[in-house]
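Basis for what follows: all heavy atoms, side chains included, without hydrogens, waters or symmetry-related copies. Keep in mind the model is a prediction, meaning the values are calculated, not measured. By convention in this document, chain letters (A, B, ...) are assigned in the order of the sequence lines, proteins followed by strands, and residues within each chain are numbered from 1.
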There are 2 protein chains.
Amino acid sequence: MVTIKDIARELDLSYSSVSLALNGDTRIKEQTRERVKSKAEEMGYRRNAQARALVMNKSEMVGFILPDIANPFFASLILGAEEIAFRRGYSLVICNTNWSSKLEAMHLNLVIERKIDGILLVSCNEPNPTLEKVLSLELPVVFVSSPYPDAEANFVGTDSEHGGYLAAKHLLDLGHRKFVVVGGRFNSEAISQRFKGYERALGEYGIPLEESDVYPGDFSVESGCNSIKRILSEQHAFSAVLAFDDLIAIGVMNGIRESGLRVPDDISVIGFDNIEAASFSGIDLTTISMDKISMGRLAAEMLLDDLYCTDKPRDRKRTVLDQELVVRKSTGPVKRP
Amino acid sequence: MVTIKDIARELDLSYSSVSLALNGDTRIKEQTRERVKSKAEEMGYRRNAQARALVMNKSEMVGFILPDIANPFFASLILGAEEIAFRRGYSLVICNTNWSSKLEAMHLNLVIERKIDGILLVSCNEPNPTLEKVLSLELPVVFVSSPYPDAEANFVGTDSEHGGYLAAKHLLDLGHRKFVVVGGRFNSEAISQRFKGYERALGEYGIPLEESDVYPGDFSVESGCNSIKRILSEQHAFSAVLAFDDLIAIGVMNGIRESGLRVPDDISVIGFDNIEAASFSGIDLTTISMDKISMGRLAAEMLLDDLYCTDKPRDRKRTVLDQELVVRKSTGPVKRP
DNA sequence: AAGAGAAATTCAAACGTTTCAATTTCGAAA
DNA sequence: TTTCGAAATTGAAACGTTTGAATTTCTCTT
């Protein structure tokens, strides 16, 4: 491997000169700088970011730890974050926790060892002592999409409670009065808040949400499909489904149709996130929409901004993005029997 | 930051002992090892992977460079690769090229500077001198999904030509004789091969594929939708659409339906990749299926295996995964007028 | 021709590890 | 007690940079 020393030897310069020249320091004579640069080019020199990071105490990498890379919602977040990170010379280290706080902890430790400069985190929000420890470090962390419950922490996302409210309100406006809630893990803060939003809307109509109306599961099409089939087999009386995300909602619609019922004629379904698939003709899912790519971008920007202003007492930042109801064909007025 | 030296001072040991102890070297007395480890724990020591990488000349990171993180096909590849990488102690650095060889080159340079140990690459296959240079390096590279045209290079993917053949053959078997091909960039090797597969199948029926039957575009729903609308407005005579991937195919179906026609009654559509959305009820896309997560896993395994066997003359490896036609409801027999 | 001042370059330490040869310590055999 | 070998520990260099202080080399002035 070609190093700075090799170039120095070749050019009969000290290696500090070479380093300075390569970094465009004007203390080095213009002509020498050029000589160094072209020699470096010629010899195929590539600077060693590790060595650089060691002495400069920053790696220009950030970690993005999230529950499920393949979930289109998170994939969009990554896309936005990667764009900004790359534009500012940073690389993204991606870690998939598969909704496990154990994996979340392992990944946190791993990226910290790697001396990444900051962390974007979609936490699965289970109690996690490692995360506590990390937050007490000097290392900047931005929570994305799902906020950190207690502590003051940087956050970019939406007002999930409000989103949940919007979703439930829409169904109520259509005349629905009996609901089931499908999917999700309740330890996730974003999900708890969505649920609270549902409850608030229903509360305005004096409708309680019983434990038995709620069917937890994974954030996947398969899980949504299985849940709704179980629900239908239980003869639960309901006219509308509140799904915690679009994948679940799509699964629910699959299940309903496979059971010989129609959406929305027999049952209305509303999702959450507005992933691309929600808009496909044939799916046409009513859902709560937000700009996921911007969310990723803003999160990365918030983190990187934090990295630039070193050692100043950083104050906590919060960015809450708009969201809105997108009405498609999966919801309709309740059928009066 | 707590370093090895701090522990050494605290315990009145040399820092080589501490290093050895921390790495579980048996030359250090059991008891000392334990003492060091618990002290490290107590002081909140985290080893510095940068420093380690510098001296060991390996970073235990691999780069994954690909065209579009948010495309579900690629997202699945990442998921599989991340799983294996993490399991073996490696981190994945993700880079999005947005189908631009310029970005591809920039990312290649960046990850090499970062001293990643190897590269997983879904190349956009445009001529790329930087890539040439990288391949001449000692650095292991595995091409994923889309092979490197000329050179002998590690590859994990499918036989795209065969896949293309299967797709076209299916439509021919259904009686279709007039086709349009929608989407994709032809510089991508995988796409060229799919196209060749189409041609071979049509060739068996003596049907030529004219330039005018082919509508290039992006790998996106939107692009597919726009293309088909243009095609329909041109009054092109055809009964079936060969789409280069599922997103395009879904867009095509959207466009067809929005134009008041039916799939497959009026026009049959076949995709490629079998992304999850293809199976959603309401989409039901006939497509060519392959195991994308396995593809990601195998690629990572191939790369990591290469990293372990250092300095042996590595021979080029190829893994070709099976693929199969999945018939759903987007294709049907041609309607005789 | 000397000296001042600026410009250009170099020195040397530092970043936090690993590693292997060298040294010290220890316990037991002679 | 001495000696020997094994066990345990240490020293020192190396990895490839950056950086501020120190030094050298110029270029003018006078």
Can we say Asp6(A) and Lys39(A) salt-bridge, meaning some charged N sits less than 4.0 Å from an Asp/Glu carboxylate O?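 Judged by the 4.0 Å cut-off on N to carboxylate O distance, Asp6(A) and Lys39(A) do not form a salt bridge.
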State plainly whether the residues Asp306(A) and Lys317(A) are in salt-bridge range, i.e. N to O under 4.0 Å.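 Yes, Asp306(A) and Lys317(A) are salt-bridged.
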Atom pair distance, as rounded to whole Å: [atom1] in [X] and [atom2] in [N]:
{"X": "Lys115(A)", "N": "dT17(D)", "atom1": "NZ", "atom2": "C1'", "answer": "18 Å"}
{"X": "Asp6(A)", "N": "dG16(D)", "atom1": "CG", "atom2": "C1'", "answer": "10 Å"}
{"X": "Lys58(B)", "N": "dC15(D)", "atom1": "NZ", "atom2": "P", "answer": "18 Å"}
{"X": "Lys5(A)", "N": "dT18(D)", "atom1": "NZ", "atom2": "C1'", "answer": "12 Å"}
{"X": "Arg47(B)", "N": "dC15(D)", "atom1": "CZ", "atom2": "C1'", "answer": "16 Å"}
{"X": "Leu22(A)", "N": "dG16(D)", "atom1": "CG", "atom2": "C1'", "answer": "12 Å"}
{"X": "Asp25(B)", "N": "dT10(D)", "atom1": "CG", "atom2": "P", "answer": "14 Å"}
{"X": "Ile4(A)", "N": "dT19(D)", "atom1": "CD1", "atom2": "P", "answer": "11 Å"}

Below 4.5 Å, heavy atoms only, C-beta onward: do Asn98(A) and Asp68(A) meet side chain to side chain?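 No; the side chains remain at least 4.5 Å from each other.
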May I ask you to test the Ile65(A)-Val111(A) pair for a side-chain heavy-atom distance under 4.5 Å?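 Ile65(A) reaches Val111(A) side chain to side chain.
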Tell me, with the steps shown, if Glu104(B) and Ser123(B) meet side chain to side chain donor-acceptor pair (under 3.5 Å). CA-CA 8 Å; Glu104(B) 183 175 302; Ser123(B) 177; 3.0 Å; yes
With the criterion being N/O to N/O and under 3.5 Å, what pairs connect the protein with nucleotides 7-10 of chain C, and how long is each?
| unit_1 | atom_1 | unit_2 | atom_2 | d |
| --- | --- | --- | --- | --- |
| dT9(C) | OP1 | Thr32(A) | OG1 | 3.0 |
| dT9(C) | OP2 | Lys29(A) | N | 3.1 |
| dT9(C) | OP2 | Thr32(A) | OG1 | 3.3 |
| dT10(C) | OP2 | Ser14(A) | N | 2.8 |
| dT10(C) | OP2 | Ser14(A) | OG | 3.1 |
| dT10(C) | OP2 | Ser17(A) | OG | 2.7 |

Residue pairs passing the ring-ring contact (aromatic ring centres under 6.0 Å, His included) test where at least one lies in residues 8-44 of chain A, sequence neighbours excluded: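 Every pair satisfying ring-ring contact (aromatic ring centres under 6.0 Å, His included) with a residue in residues 8-44 of chain A: there are none.
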What residues in residues 48-57 of chain B put a non-hydrogen atom under 4.0 Å from any atom of DNA chain D?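 Residues of residues 48-57 of chain B that come under 4.0 Å of DNA chain D are, in numerical order, Leu54(B), Val55(B).
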If you take the centroid of each ring, where Trp contributes its six-membered ring, are Phe143(B) and Tyr148(B) closer together than 6.0 Å?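 So the answer is yes for these two rings.
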Picking from dT17(D), dT18(C), dG16(C), which would you name as closest to the side chain of Thr3(B)?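 Between dT17(D), dT18(C), dG16(C), the one nearest the side chain of Thr3(B) would be dG16(C).
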Criterion side chain to side chain donor-acceptor pair (under 3.5 Å) on Asn128(B) and Ser101(B), from CA distance to verdict: CA-CA 7 Å; Asn128(B) 187 341; Ser101(B) 66; 5.1 Å; no
Apply the side chain to side chain contact (heavy atoms under 4.5 Å, CB included) test between Leu66(B) and each candidate in Leu121(B), Ile78(B), Thr97(B); give the one that qualifies.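 In the set Leu121(B), Ile78(B), Thr97(B), the residue that makes a side chain to side chain contact (heavy atoms under 4.5 Å, CB included) with Leu66(B) is Ile78(B).
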